[in-house]
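Following: one structure in structure tokens, then a few remarks.
Proteins get letters first, then strands, A, B, ... in listed order; numbering begins at 1 in each.
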There are 2 protein chains.
Amino acid sequence: MSEALSTADPAPQYLRVKNHLREGISSGRWVAGDLLPSESDLVSLFKVSRMTVNRALRELYQDGLIQRMQGVGTFVADLHRISSTLTVRDLAEEVQARGRKHELRVHLLETVAATAEQAGDFGLRAGDKLFHSVVVHFENGKSIQCEDRLVNPATAPEYLDVDFQQTTPTQYLLKVAPLSEARYTIEALLPSDLEAKLLCISKREPCLVVKRRTFSRGVAVTSVKLSHPGSTYLLEGGFQA
Amino acid sequence: MSEALSTADPAPQYLRVKNHLREGISSGRWVAGDLLPSESDLVSLFKVSRMTVNRALRELYQDGLIQRMQGVGTFVADLHRISSTLTVRDLAEEVQARGRKHELRVHLLETVAATAEQAGDFGLRAGDKLFHSVVVHFENGKSIQCEDRLVNPATAPEYLDVDFQQTTPTQYLLKVAPLSEARYTIEALLPSDLEAKLLCISKREPCLVVKRRTFSRGVAVTSVKLSHPGSTYLLEGGFQA
DNA sequence: TAGTGGTCTAGACCACAAA
DNA sequence: TTGTGGTCTAGACCACTAG
């Protein structure tokens with residue numbers, strides 16, 4: 001018995017090549033800096049075309065496992081880093097995906113005059129109009145996020161009239177202003193007085209805070225501070241060589 | 001004048017296709033759920049081979065911008081998420097890359113008997129030997145990370161003899177046990193008494209805490225808790241459609 | 001000059017889904 | 001049955017690096 005009992009999935013050829021190299025790297029057979037077999041070596045080894053080998057190697061490069069240099073060769077990359085994809089999804093979706101009940105309470109919804117700094121973030125002038133909302137998200141009745149948001153009226157003029165029981169601010173903004181770019185930071189902070197009150201936590205309980213600015217077609221759409229009680233919220237991730 | 005003044009970089013064909021679609025998506029010409037042109041449409045449009053079109057589409061899929069269904073078509077993905085690569089590098093490298101001075105102080109280096117829970121993490125039995133280290137990292141003389149680590153002696157028998165002034169624990173472990181898998185969480189916590197003392201911060205200052213377990217060839221190598229003062233440390237990231 | 005990777009083609013066969 | 005995407009081939013030309 002050597003292969004494919006019954007109609008077992010006949011793994012694509014490029015995956016055979018890719019897995020062979022990946023296993024060699026994660027098993028330590030090749031270590032950081034080692035020269036790997038060339039494309040033509042792999043062509044002979046696996047009896048496949050060069051395009052197929054090339055796809056395997058390109059994907060390993062995109063995964064950060066190898067480095068390639070034209071005219072020189074393919075090498076095992078330094079794995080002195082753990083990279084993985086951090087995904088920040090719409091919170092309502094995330095909660096529902098866990099099979100829990102998502103609720104949202106609007107605490108504030110208003111128009112404000114931009115400070116100089118805020119105006120700068122949005123490419124507007126100080127004193128220009130901005131929308132401001134503060135809403136709290138609940139999972140099975142427990143507060144999990146305080147969302148303090150500024151919105152550029154130019155990209156979402158109807159923002160103040162949205163029914164946030166039907167559509168979360170994130171969902172609405174993604175709909176009216178297709179996401180093209182985002183920048184975020186993650187830090188640990190103590191809650192403000194208001195955040196502590198809205199989240200029903202102690203002012204001494206640390207919060208995981210995500211600050212995010214998003215852009216659509218190069219224009220700033222919204223700037224948001226998402227505060228999560230540290231005791232109930234964490235980000236998870238993984239990585240596989 | 002229609003093309004290539006002088007020897008301007010002749011962008012690869014697959015990038016022309018990829019950029020055309022990406023710009024259409026981020027400009028809102030196509031929005032989430034829309035059907036995109038088929039591979040054969042793009043072949044005629046750009047006068048290139050199907051393999052070239054296919055590469056462009058495959059990369060857009062890997063970037064999370066489109067969804068593809070065999071027999072159906074290619075659609076704009078829901079961008080109800082912001083994904084980006086979170087990279088956790090060796091701290092010494094990171095500090096040096098910023099042009100700062102990295103220092104490290106070893107606070108503890110010992111052998112301990114595994115508790116039942118720790119043993120489980122490492123696939124050992126309660127009471128088995130584990131190495132334990134607590135070191136503090138400094139950037140330009142300022143404490144930035146407290147690293148509390150357990151190490152599996154089977155994968156790094158010489159751990160206790162390493163000179164951590166020369167090689168950080170992370171660097172050493174990556175060298176002796178090639179990284180094959182990692183799992184981490186990120187949360188906001190108050191420091192323990194020891195952490196507060198070692199980091200020279202108040203016991204009320206929130207910390208950004210990364211807990212990470214890494215594996216090599218399927219065997220648990222190390223389990224570490226990295227605590228960073230919230231006031232000086234944050235994770236940054238970005239995303240571009 | 002020889003060997004490497006980067007890109008591209010014009011076909012091909014297949015699995016799959018919808019009409 | 002038609003059109004879709006998923007994979008693969010056997011060539012090709014090029015730019016780059018090293019000896």
Notebook entry, point to check: Are Arg55(A) and Tyr14(A) linked by a side-chain donor-acceptor pair shorter than 3.5 Å?
Noted result: yes
Margin query: Can you measure Leu57(A) atom CG to dG5(C) atom P for me and round it to whole angstrom units?
Written below: 7 Å
Note to self: Students should find this one: the first and last nucleotides of DNA chain D, 5' to 3', lying under 4.0 Å from a heavy atom of chain A. What are they?
What the structure shows: dT7(D) to dT17(D)
Next item on the list: Return the 5'-most residue of the pair Thr74(A), Met51(A) with respect to DNA chain C, ranking by each residue's nearest nucleotide.
Entry: Thr74(A)
Next item on the list: Give the minimum heavy-atom separation between Val43(B) and Val48(B), together with the two atoms involved.
Entry: CG1-O, 3.1 Å
Checklist line | Ring centroid separation Phe215(B) to Phe122(B) under 6.0 Å | finding: no
Check: Do Lys101(A) and Glu103(A) meet the salt-bridge criterion of a basic N to acidic O distance under 4.0 Å?
Finding: yes
Tabulate protein N/O versus nucleotide N/O from nucleotides 15-17 of chain C, keeping only pairs under 3.5 Å, one per line.
residue	atom	partner	partner atom	Å
dA15(C)	N3	Gln70(B)	OE1	3.0
dC16(C)	O4'	Gln70(B)	OE1	3.1

Checklist line | Spacing of His20(B) atom NE2 and Arg16(B) atom CZ [to the nearest 0.5 Å] | finding: 10.0 Å
Next item on the list: Tell me, yes or no, whether the heavy-atom count around Glu117(B) atom CD, taken from other residues, nucleotides or ligands under 6.0 Å, exceeds 12.
Entry: no
Check: For DNA chain D, whose closest nucleotide is more 5', that of Leu15(A) or that of Ser40(B)?
Finding: Ser40(B)
Notebook entry, point to check: Using a cut-off of 4.0 Å on non-hydrogen atoms, how would the nucleic acid contact of Arg58(B) be classed: base, sugar-phosphate, or nothing?
Noted result: nothing
Checklist line | side-chain hydrogen bond (donor to acceptor under 3.5 Å, both in side chains) between Tyr159(B) and Ser133(B), worked out | finding: CA-CA 10 Å; Tyr159(B) 187 69; Ser133(B) 62; 2.8 Å; yes
Next item on the list: Sorted by first residue and then second, give each salt bridge (charged side-chain N to carboxylate O under 4.0 Å, His left out) pair with at least one member in residues 216-226 of chain A; sequence neighbours left out.
Entry: Glu195(A)-Lys225(A)
Notebook entry, point to check: For DNA chain C, whose closest nucleotide is more 5', that of Leu36(A) or that of Tyr14(B)?
Noted result: Leu36(A)
Next item on the list: Taking Watson-Crick and G-U wobble pairs with both distances under 3.5 Å, convert DNA chain D into its dot-bracket string, 5' to 3', dots for unpaired and | for cross-strand pairs.
Entry: ||||||||||||||||||.
Next item on the list: Return each pair, listed once, that meets salt bridge (charged side-chain N to carboxylate O under 4.0 Å, His left out) where at least one residue sits in residues 32-48 of chain A; pairs must be two or more places apart or across chains.
Entry: Glu39(A)-Arg50(A), Glu39(A)-Arg68(A)
Notebook entry, point to check: Going by the salt bridge (charged side-chain N to carboxylate O under 4.0 Å, His left out) test, which pairs reach into residues 143-160 of chain A, not counting sequence neighbours?
Noted result: Glu147(A)-Arg149(A)
Margin query: Restricting to non-hydrogen atoms, name the atom on Tyr172(B) and the atom on Thr167(B) that form the minimum distance, rounded to 0.1 Å.
Written below: N-CG2, 3.6 Å
Next item on the list: Nearest whole angstrom, please: distance from the P of dG3(C) to the CG of Asp41(A).
Entry: 11 Å
